[in-house]
Protein chains: 2
Amino acid sequence: MRASDKAYAALREDIVEWRLAPGTVLAEVEQSERLGVSRTPLREALGRLTAEGLTTAGGRGVVVTDISLEDIDELFELRETLEGKAAALAARRGDAATFERLQRELLDAPGLIAGGKPALHDYYELVGRLDAAIDAAISNSYLAQAMRSLRVHLVRIRRLAADDACRLTAAAAEHAAIAEAIAAGNPKLAEAATVIHLHRSLSHVKAAHASHPKEHHG
Amino acid sequence: MRASDKAYAALREDIVEWRLAPGTVLAEVEQSERLGVSRTPLREALGRLTAEGLTTAGGRGVVVTDISLEDIDELFELRETLEGKAAALAARRGDAATFERLQRELLDAPGLIAGGKPALHDYYELVGRLDAAIDAAISNSYLAQAMRSLRVHLVRIRRLAADDACRLTAAAAEHAAIAEAIAAGNPKLAEAATVIHLHRSLSHVKAAHASHPKEHHG
DNA sequence: ATGGACAGCTGTGTATACACTGATGCTGTC
DNA sequence: GACAGCATCAGTGTATACACAGCTGTCCAT
């Protein structure tokens with residue numbers, strides 16, 4: 001693995017996991033020493049992070065981007081647009097059997113969610129497979145790329161909202177509805193199911209954020 | 001101006017203006033000598049270009065990305081999604097007076113288009129102002145960022161379709177319709193006007209590309 | 001004659017040294 | 001005492017040197 005990849009992965013993880021708080025300045029020498037790489041690959045890593053929007057390169061040094069409540073609204077506004085369209089396209093172009101299989105798995109997901117932490121990982125992996133299946137089905141690299149760049153920020157937000165079993169069970173049902181609509185080849189329904197899911201997710205995140213607003217900033 | 005900025009601007013211009021054909025490998029030493037900068041800032045420039053999708057960093061060296069007819073369809077599929085949503089949001093949140101002024105200017109645009117090359121530049125600048133006004137009105141940095149990254153590729157395509165006065169006149173009317181709908185605060189209408197405009201643009205580009213398919217590849 | 005292995009080369013990945021810029025703090029003068 | 005100017009320094013921007021990997025061409029062996 002290249003040193004720049006290592007630095008990129010480490011920094012990205014640190015930011016997404018909120019170990020590096022928003023506003024932190026990432027001085028090149030300091031970070032290169034901390035991560036055990038030279039300044040050159042570190043700069044490449046910082047460039048990639050900045051291109052993704054996780055950091056901003058304003059003025060002196062790059063700083064970790066802040067994510068506020070307004071940002072969450074904006075983020076979900078774009079997400080609704082992109083993922084709604086993606087679901088609709090997947091319903092038109094996707095393979096029905098693939099999504100029927102995913103739907104069945106998602107309907108069984110509550111068992112996984114109740115099963116504790118190791119099984120929980122299987123659930124997240126299942127949702128990831130649904131995302132990947134949609135990505136593949138839309139056969140639009142530009143749209144897929146736009147969604148990928150969006151998901152980085154979403155993961156960051158997800159860490160703010162401690163997903164409880166109750167919300168995850170509901171989310172699984174919503175995901176199953178999306179898969180069902182895509183399998184049925186119904187674009188409007190798939191888009192509607194996606195919009196519903198995203199709105200519920202947003203409400204949950206905002207509620208969690210409102211009840212523990214400073215958890216990660218102290 | 002930093003050397004990396006200079007290299008980035010030069011390479012980006014070369015790619016967008018089709019002076020660097022798709023498939024061209026951008027060897028670091030070769031390009032750094034050609035542009036008169038060192039390898040370090042050149043690598044940063046290449047990284048930015050790759051992040052934007054103008055180049056790909058597969059295997060050995062970075063190569064200029066190809067743009068095919070399928071890519072154009074995919075590109076406009078995403079563009080319709082993003083700009084349609086943007087127009088709708090602008091209609092909801094934008095300042096009516098601003099867009100009324102833009103609409104009046106756009107209705108006068110046929111005079112500019114007929115006026116030859118210097119006046120033509122004014123027309124392009126006017127369309128750019130409409131884009132900027134929409135960007136500002138939506139007040140969603142993530143959506144704006146997604147549209148910015150998309151426009152890079154659109155400029156590249158625009159160079160393929162030699163815009164004639166006839167098409168530009170029609171486009172001006174379509175832009176005026178978009179501005180009017182936004183000024184009227186009608187989101188559905190603004191989105192519809194945008195979708196119409198983009199479909200006409202796409203048809204024009206594809207027609208031009210079909211009649212001169214190899215113009216830029218010889 | 002053909003296949004494999006080794007050497008050389010081309011080109012990227014990384015490290016480090018140097019230059020320049022912006023800021024901050026100290027000192028001198030008004 | 002306050003402000004202006006200069007010096008020092010921290011930190012980024014750039015260049016270059018070095019290491020390593022992949023490919024290619026040639027030579028030797030079968």
Checklist line | Residue pairs fulfilling ring-ring contact (aromatic ring centres under 6.0 Å, His included) with at least one residue in residues 144-164 of chain A, sequence neighbours excluded | finding: A/H153-B/Y142
Item checked: Residue pairs fulfilling salt bridge (Lys or Arg N to Asp or Glu O under 4.0 Å) with at least one residue in residues 137-155 of chain B, sequence neighbours excluded -> B/D131-B/R151, B/D135-B/R151
Checklist line | Partners passing side-chain contact (heavy atoms from CB on, under 4.5 Å) against B/E33 (at least two apart in sequence or in another chain) | finding: none
Validation: residues 121-128 of chain B side-chain donor-acceptor distances under 3.5 Å, sequence neighbours left out:
| from | atom 1 | to | atom 2 | distance (Å) |
| --- | --- | --- | --- | --- |
| B/E125 | OE1 | B/R129 | NH1 | 3.0 |
| B/E125 | OE2 | B/R129 | NH1 | 3.3 |

Note to self: At a heavy-atom distance below 4.0 Å, which nucleotide of DNA chain C is the first touched by chain B, and which is the last?
What the structure shows: C/dT12 to C/dT14
Next item on the list: Quick one: list whatever passes side-chain contact (heavy atoms from CB on, under 4.5 Å) with A/E100, sequence neighbours left out.
Entry: A/A96, A/R104, A/A183
Next item on the list: Return the residues of residues 29-54 of chain B meeting this criterion: a heavy atom under 4.0 Å from some atom of DNA chain C. Order them by number, or give none.
Entry: B/R39, B/R43
Notebook entry, point to check: Listed by chain and number, what are the side-chain contact (heavy atoms from CB on, under 4.5 Å) partners of B/A132, not counting sequence neighbours?
Noted result: none
Next item on the list: Quick one: list whatever passes side-chain contact (heavy atoms from CB on, under 4.5 Å) with A/D108, sequence neighbours left out.
Entry: none
